[in-house]
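These numbers come from a predicted model, not from an experiment.
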Amino acid sequence: MPPSNNLFEVFRQYFPPQRNKTFLIDGSGHTISYAEMEARSAQIAHYFLSLGLTKGDRVAVQVGKSASALLVYLAAVRAGLIYLPLNTAYRESELRYFFADAQPSLVICDPEDQHPIHNLLNTESVLLDVLTATGSGSLIDKVAAFATEFDSVNVDPDDLAAILYTSGTTGQPKGAMLSHGNLTSNALMLKDYWGWNETDVLLHVLPIFHVHGLFVACHCVLAAGAAMIFLPGFNVDEVKAQLPNATVMMGVPTYYTRLLAQADIAVDDCRSMRLFISGSAPLLETTHRQFEQRTGHRILERYGMSETSMLVSNPLNGDRRVGTVGLPLPGVEVRIVDADNVPVAVDVVGSIQVKGPNVFQGYWQMPEKTAAEFTADGFFITGDQGTVSAEGYIAIVGRSNDMIITGGYNVYPKEVELVIDDIAGIKESAVFGIINADWGELVTAVVVGDGSKELLSESILEATKQRLANYKVPKVIYFIDELPRNTMGKVQKNSLRKRFSS
């Protein structure tokens, strides 16, 4: 019998021979073995099919992070269903859009949200189940009677495994369609590139409604037959306490700045760690350098998207260059081009385009949008702007839709932010454009101080004028206590733009 294309069955080839090996330890200390993970996900998969769900049906899930929630995902994959993870912060209007667009056959939610979501669905044809943040609920009660073995549904590599909705900062959210083949290729490549093996223990503190926590983190563990400490979220004291028990941690930059804020974080806390990985938002150079000084570890920064999973990474063994996201991953083509799709010269800003087996199948129900996002020769237009060094290292300078056009000149926010962040007394900054009748857009900066000194607009402007062309220098500077971020640590510039546009 030929090997199955089902993502779960691919992972199964790498599970430890002794299935009593630990797969997951949750925040309360409860352990789940590989054998239990297989058995419980089989029961849930049987339950899904007993409801009348068939290959290709969508299962929408908006629940707190728990081992049971992860098993629901694995069961959906095994059953050939399409998994639709939804951010637990989404509210009524957002959910109404997702349900109408994806048309799920089953929705799984927290018991407290059961009645509001039932009203949103507005149809009796959509099934509804509940799962609590601690992993209990009617769904778990119902599956107990089902068999603990399940033959995973066979699929083609291009059959969908998941739909992830993008943030929708430029319009309605788009559902990125990820296939079994997309996710398989990325998982197996990352396992090798980042040196995963069965002795690794991942400290998992990310949410699991996002590509970072669900696919990158969990898939690396599954593809290596490794284990993970599965915490409900990032609590700095708990993370510090668990570091000696782990070998790998993945996080967003905020996690690392919070660890650095602990006065006693030091090399000894990280004695068992082999790798710290950062992504989902830019890592400040100061954070990178301070973390290495305090812990002895150079954070590995990488770059990916909901539509593609991982694309670029600094090397496991080699020069991890501060301020870059590294080199194209094996099997992934990356090019940086000008407006005519001609590759730009070294260190010249251009549009990042990518191609590879990890690149998604397109946007759900949006064939015209999908066509517009790919070039004639099959490259996906990421919407990110970047540069490439002579050695091939890629640096992200901003989103194309973040680009500021002022007085007819293009300004890339990242370039200005790096200059401002280098000024004494400044912790971080965000630069964006505000509509202006004279300039088109005014270059605007919002600054967060580190508390070490009084900050003045005049001194910041003078410092930036020393290092930037006049048209790049902010025309307006505001001071706030903290930059607004989403759950993955990305600065919400739309929020800042709206707040300060008046």
Colleague: Would you call Arg271-Asp268 a salt bridge at under 4.0 Å N-O?
Modeller: yes
Colleague: Taking the basic N atoms (NZ, or NE/NH1/NH2) and the acidic carboxylate oxygens, is any pair closer than 4.0 Å for Asp200 and Arg274?
Modeller: yes
Colleague: Please report the interatomic distance CG(Leu7) to OG1(Thr184), rounded to the nearest 0.5 Å.
Modeller: 4.5 Å
Colleague: With a 4.0 Å cut-off, would you call Glu428 and Arg485 a salt bridge?
Modeller: yes
Colleague: Is the distance between the ring centroids of Phe374 and Phe360 under 6.0 Å?
Modeller: yes
Colleague: Provide the closest heavy-atom pair for Arg96 versus Leu120 in the form atom of the first, atom of the second, distance.
Modeller: NH2-CD2, 3.4 Å
Colleague: Show your reasoning for whether side chain to side chain donor-acceptor pair (under 3.5 Å) applies to Thr132 and Thr134.
Modeller: CA-CA 5 Å; Thr132 69; Thr134 58; 3.0 Å; yes
Colleague: Tell me whether the rings of Tyr255 and Phe234 are parallel (<30°), tilted (30 to 60°) or perpendicular (>60°).
Modeller: parallel
Colleague: With side chain to side chain donor-acceptor pair (under 3.5 Å) as the criterion, how do Ser33 and Asn20 come out once you've worked through the C-alpha distance, each side chain's angles and the decisive distance to 0.1 Å?
Modeller: CA-CA 5 Å; Ser33 67; Asn20 60 351; over 6 Å; no
Colleague: What distance do Trp194 atom CH2 and Met189 atom CE have between them, rounded to the nearest 0.5 Å?
Modeller: 7.5 Å
Colleague: Hey, could you give me the CE/OG1 distance between Met273 and Thr295, rounded to the nearest 0.5 Å?
Modeller: 9.0 Å
Colleague: Under a 4.5 Å cut-off applied to non-hydrogen side-chain atoms, are Tyr256 and Met249 in contact?
Modeller: yes
Colleague: Under a plain distance cut-off of 3.5 Å, with no hydrogens placed, do Ser185 and Asn358 share a side-chain donor-acceptor pair?
Modeller: no
Colleague: Does any non-hydrogen side-chain atom of Leu202 lie less than 4.5 Å from one of Cys220?
Modeller: no
Colleague: Flag the pair Val216 / Leu190 as yes when at least one side-chain heavy-atom distance between them is below 4.5 Å, and no otherwise.
Modeller: yes
Colleague: Quick check: closest heavy atoms across Val312 and Leu329, and the distance to 0.1 Å?
Modeller: N-CD1, 3.8 Å
Colleague: What are the two closest heavy atoms between Asn6 and Ser4, and how far apart are they?
Modeller: N-OG, 3.0 Å
Colleague: Kindly write out the residues that satisfy salt bridge (charged side-chain N to carboxylate O under 4.0 Å, His left out) with Arg40, not counting sequence neighbours, or none if the list is empty.
Modeller: Glu36
Colleague: For the residue pair Phe230 and Ile32, establish whether any side-chain heavy-atom pair is separated by less than 4.5 Å.
Modeller: no
Colleague: Using the six-membered ring of Tyr363, assess whether NZ or CZ of Lys174 lies under 6.0 Å from its centre and within 45 degrees of the ring axis.
Modeller: yes
Colleague: Taking the side chain as everything from C-beta on, heavy atoms only, tell me whether Leu188 gets closer than 4.5 Å to Gln13.
Modeller: no
Colleague: Any ion pair linking Glu9 and Arg12 (charged N to carboxylate O, less than 4.0 Å)?
Modeller: yes
Colleague: Atom OG of Ser309 and atom CG of Leu183: how far apart are they, to the nearest 0.5 Å?
Modeller: 5.5 Å
Colleague: Is Ile396 close to Lys414 at the side-chain level, that is, under 4.5 Å between some pair of heavy atoms?
Modeller: no
Colleague: Taking ring pair (Phe, Tyr, Trp, His ring centres under 6.0 Å) as the definition, give me every residue that meets it alongside Phe15, ordered by chain and number, with sequence neighbours left out.
Modeller: Phe8, Tyr34
Colleague: Stepwise, does the side chain to side chain donor-acceptor pair (under 3.5 Å) test hold for Asn182 with Ser179?
Modeller: CA-CA 5 Å; Asn182 294 148; Ser179 70; 3.0 Å; yes
Colleague: Please give me the minimum heavy-atom distance between Arg78 and Ala45, naming the atom from each residue.
Modeller: CB-CB, 4.5 Å
Colleague: Could you measure the distance from the OH atom of Tyr303 to the OG1 atom of Thr382? Nearest 0.5 Å is fine.
Modeller: 3.5 Å
Colleague: Would you mind reporting whether Gln262 and Asp269 have side-chain heavy atoms less than 4.5 Å apart?
Modeller: no
Colleague: Would you say Phe215 and Asn186 make side-chain contact, with heavy atoms under 4.5 Å?
Modeller: no
Colleague: Apply side chain to side chain donor-acceptor pair (under 3.5 Å) to residues Gln365 and Asp101 and explain how you reach the verdict.
Modeller: CA-CA 8 Å; Gln365 309 273 47; Asp101 189 57; 5.4 Å; no
Colleague: Are the side chain of Lys191 and the backbone of His219 linked by a donor-acceptor contact shorter than 3.5 Å?
Modeller: no
